[in-house]
Amino acid sequence: MTPSENSTPPEQPTAVTPPENAARRVRQAAARRDGSGRHVAARPAWRCRACAAPWPCQPARLSLRREYAHDRPALAIYLCLLMHDAITDALRVGTGTVDPAAYFARFLAWTRHDRPPPDPPSKSSPASAPADAG
């Protein structure tokens, strides 16, 4: 036997998953199974269950836009109802003052960003031209 035949091959490095990464993957898999990984509101704080951002968070907005792509007025009505619930919860829990403009911006204003602003009236339109006195 030659020395090379008798020796064991060198150990190949193996990828070892750190325990914190493995635990995170297990939590994420469990969240996908029970639906808690979805970006939905946790009441009465109205924070996202998945990312803890104020709801509707950006992923929730994208999901809602996709879901209501065929009916934007229904999306606005749905979010208006949720905004009302969020304001009611804030007043009931006593989280401080409620700023209606901030709630509007958070829940509704983003739904209309895809529409261009209306054109300003033209100064040369016949309705605004002075009548000839001649």
Side-chain angles (χ1 to χ4, degrees):
M1 272 194 199
T2 64
S4 63
E5 291 175 3
N6 197 14
S7 65
T8 59
E11 288 290 320
Q12 294 293 326
T14 58
V16 176
T17 304
E20 62 273 0
N21 288 344
R24 181 171 35 99
R25 281 201 314 270
V26 168
R27 283 193 306 274
Q28 288 171 342
R32 285 190 297 272
R33 281 193 303 273
D34 69 5
S36 62
R38 293 181 18 222
H39 292 268
V40 295
R43 295 178 67 173
W46 288 87
R47 292 264 186 199
C48 177
R49 289 185 189 275
C51 65
W55 195 89
C57 59
Q58 192 60 34
R61 290 176 182 190
L62 291 172
S63 176
L64 287 165
R65 276 187 182 259
R66 272 193 308 269
E67 186 177 344
Y68 285 89
H70 65 286
D71 195 358
R72 286 292 171 88
L75 173 62
I77 292 167
Y78 174 64
L79 289 170
C80 187
L81 294 170
L82 294 179
M83 180 183 70
H84 180 268
D85 288 348
I87 291 171
T88 302
D89 286 346
L91 292 171
R92 184 176 45 83
V93 174
T95 57
T97 60
V98 172
D99 180 12
Y103 277 88
F104 178 85
R106 178 175 161 186
F107 281 86
L108 293 168
W110 61 269
T111 63
R112 298 180 57 97
H113 282 259
D114 61 339
R115 290 190 182 176
D119 291 333
S122 173
K123 294 191 187 237
S124 63
S125 67
S128 63
D132 241 11

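Computed from heavy atoms alone, side chains included, the values below leave out hydrogens, waters and symmetry copies.
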Item to complete: Determine whether Arg43 and Asp85 make a side-chain contact, defined as any pair of heavy atoms from C-beta on separated by less than 4.5 Å.
Response: yes
Worksheet item: Quick one: are Arg72 and Arg112 in side-chain contact, heavy atoms under 4.5 Å?
Response: no
Response to the item:
When rounded to the nearest 0.5 Å, the distance separating CG of Leu82 from CD1 of Ile87 is 11.5 Å
Practice prompt. Might you point out which heavy atoms bring Leu108 and Cys80 nearest each other, and give the distance in Å?
Written response: CD2-N, 3.7 Å
Fill in: Non-hydrogen atoms of Pro54 and Arg47 that approach each other most closely
CD-NH1, 3.0 Å
Worksheet item: If you round to the nearest 0.5 Å, how far is CG of Leu64 from CZ of Phe107?
Response: 10.5 Å
Worksheet item: What about Tyr103 and Leu91, same hydrophobic cluster or not, with Ile/Leu/Val/Met/Phe/Trp/Tyr joined at side-chain heavy-atom distances under 4.5 Å?
Response: yes
Discussion item. According to a hydrophobic-cluster definition based on side-chain heavy atoms being under 4.5 Å apart (Ile, Leu, Val, Met, Phe, Trp, Tyr only), do Leu75 and Phe104 belong together?
Written reply: yes
Worksheet item: Closest heavy-atom contact between Ala90 and Val98?
Response: CB-CG2, 4.0 Å
Worksheet, complete the sentence: Between Ala105 and Arg61 the two heavy atoms that sit nearest each other are O-NH2, 4.3 Å
Worksheet item: If only atom types and distance count, is the side chain of Trp110 paired as donor or acceptor with the main-chain N or O of Arg106 below 3.5 Å?
Response: yes
Fill in: Test item: Trp55 side-chain N/O and His39 main-chain N/O as donor-acceptor pair under 3.5 Å
yes
Worksheet item: Nearest heavy-atom pair of Ala86 and Trp46: which atoms, and what distance?
Response: CA-NE1, 3.2 Å
Item to complete: Please check if the side chain of Ser63 supplies one atom and the backbone of Pro59 the other of a donor-acceptor pair under 3.5 Å.
Response: no
